Amino acid sequence: MSERVSLQPAYVLHQRAYRETSRLIEVLSCDYGRIGIVARGARRPGSRVRPLLQPFVPLLLSWSAAGELATLTGAEPAGTALHLQGDALVCGFYLNEVLLRLLTRHDPAPELFSAYHEALGGLQTHGCDPTILRRFEKRLLDVLGYGLQLREDARGAALSADRRYHYEPQRGAVPADADRDAPAGGVAILGRCLQALAADAPLDGICRRQVQRLLAAILAPHLGPRPLKSRDLLLRIRRRRTTK
Amino acid sequence: MSYTPLLQQLMEALRCLPGVGPKSAQRMTFHLLERDPEGALRLAKALTEAVERVGRCGSCRTLSEDPLCPLCASQRRDRRLLCVVETPADVLAVEQSGAYAGLYFVLGGHLSPLDGIGPEEIGVDALLARAREGVEEVILATNPTVEGEATAHYIGELLRELGVGVSRIAHGVPLGGELEYVDGSTLTRALAGRKPI
């Protein structure tokens, strides 16, 4: 039984050579989630789809799927192409690497597609702003079912901006001074940083670091032990600039 | 039907070539043994010699059996110019254009974090060492793919710190092409990189 999909909004996350002249592309599509698609002949010199099938290009893809891998039947550009440059490009790789680690194939997530689309748009306009990455990570966790509890603290009380909390994945935000018998593990974070993350508000210097640590800690068990290469690359670029 | 072990071995060996499947391997085997045994011996000898002796040029890292490839050894080349490409095939492509008289550096790939390829894997340190040897301008001719762009960006920043001039090859509409059939991203680049005439 084969399924035909026509003009589906999608982004290429990654691609690699497949057989002699083809490419195997991993795609994030709007209605079908992550899909592996074979693009026949996409490595031939004159291939029309070759320049299109690049990461960060909004596409309308058509394919037919019979088994695990689909076969590309058409590719068209969707709207204006993004043009990520410099660090924004490396940040884009980071988004793709995280998605490929965390998403399984054939698991539809339209909200995730729009989150990704917005994140890329943000990278294009503002460059690699950490707030964009954090917002995307938060929405990704929501979609995967590991969403953060940011409305109230672990005891059901409203978060207070000036209070210190320890965020634990199982319990949520535990007030730092509340539970002396069971000292909270988790990541230390200020109430106002949790509130800013919840509201998608801009993060100041302190919150940026705390939120980054929080999301990294929550993502870590799902990403597995292998380090993310794109994050290494970005840290390296940043570190070199600051030591200069 | 099954072939004798030697025939079988040859067919399997031929299949390491790109584009050669079982059927082509069989055709090649019969052609070599039946019609052109001399050619087969020449091929075997050439292959053995090449694999044993060809290594990397010590300066530009392209394929060469000498410690310095003919391009790097030539006195006619402009030693102030260094063109950075991804593969030895790219050296040949630029060379065939006849428009370039400087030297080359072959990275042997591009930065591709998702494939686990970082700066060490493509020999960025070797390039920086090479750029310190009296180079005035480095031309980054990595492919116009996202990975090639990321590579150019990363290397470009390091080279600028060294005080070396850095440029990137232009992207645009192919000659003899028609605008109607050129994809949007290429046209965007072509417009962004327009020149006064």
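Naming: A, B, ... by sequence-line order, numbering from 1 per chain. Since the structure is predicted, the reported quantities are computational estimates derived from the model, not experimental observations.
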Heavy atoms only: give me the nearest R236(A)-Y154(B) pair and the separation to one decimal.
-> NE-OH, 3.6 Å
Do Y181(B) and R48(A) have side chains that get closer than 4.5 Å, going by heavy atoms?
-> no
Test: K229(A) and E120(B) ion pair at under 4.0 Å = no
Crowded around R44(A) CZ? As in, over 12 foreign heavy atoms under 6.0 Å?
-> no
Over 12 non-hydrogen atoms of neighbours within 6.0 angstrom of CD in E38(B) = no
Should we count NE2 of H83(A) as having more than 12 external heavy atoms under 6.0 Å?
-> yes
How about L84(A) and E149(B): do any of their side-chain heavy atoms sit closer than 4.5 Å?
-> no
Heavy-atom side-chain contact between L233(A) and P119(B) under 4.5 Å = yes
Taking every non-hydrogen atom, the tightest pair across L89(A) and A150(B) = CD2-N, 3.5 Å
Side chain from CB out, backbone as N, CA, C, O: work out which of these in P77(A) comes under 4.5 Å of a heavy atom of chain B, or both, or neither.
-> neither
Take atom CZ of R238(A) as the centre, draw a 6.0 Å sphere, and report whether it contains more than 12 heavy atoms from other residues, nucleotides or ligands.
-> yes
When you look at CZ of R16(A), are more than 12 heavy atoms from neighbouring residues, nucleotides or ligands closer to it than 6.0 Å?
-> no
Segment of D87(A) engaging chain B (4.5 angstrom heavy-atom cut-off) | both
Pairwise side-chain contact, Q54(A) with T145(B), heavy-atom cut-off 4.5 Å (strictly under) | yes
Would you find a donor on one side and an acceptor on the other, under 3.5 Å apart, between the side chain of E20(A) and the backbone of P18(B)?
-> no
Minimum-distance pair of heavy atoms, taken over all atoms of S112(B) and H14(A) = OG-CE1, 4.4 Å
Does any heavy atom of chain B fall under 4.5 Å from the side chain of L13(A), the backbone, both, or neither of them?
-> backbone
Count the heavy atoms belonging to other residues, nucleotides or ligands that lie under 6.0 Å from CZ of R79(B), then report whether that count exceeds 12.
-> yes
Please check if atom CZ in R40(A) has more than 12 non-hydrogen atoms from other residues, nucleotides or ligands closer than 6.0 Å.
-> no
Over all heavy atoms of both residues, which pair between F56(A) and V146(B) is shortest? Give the atoms and the distance, please.
-> CD1-CG1, 3.8 Å
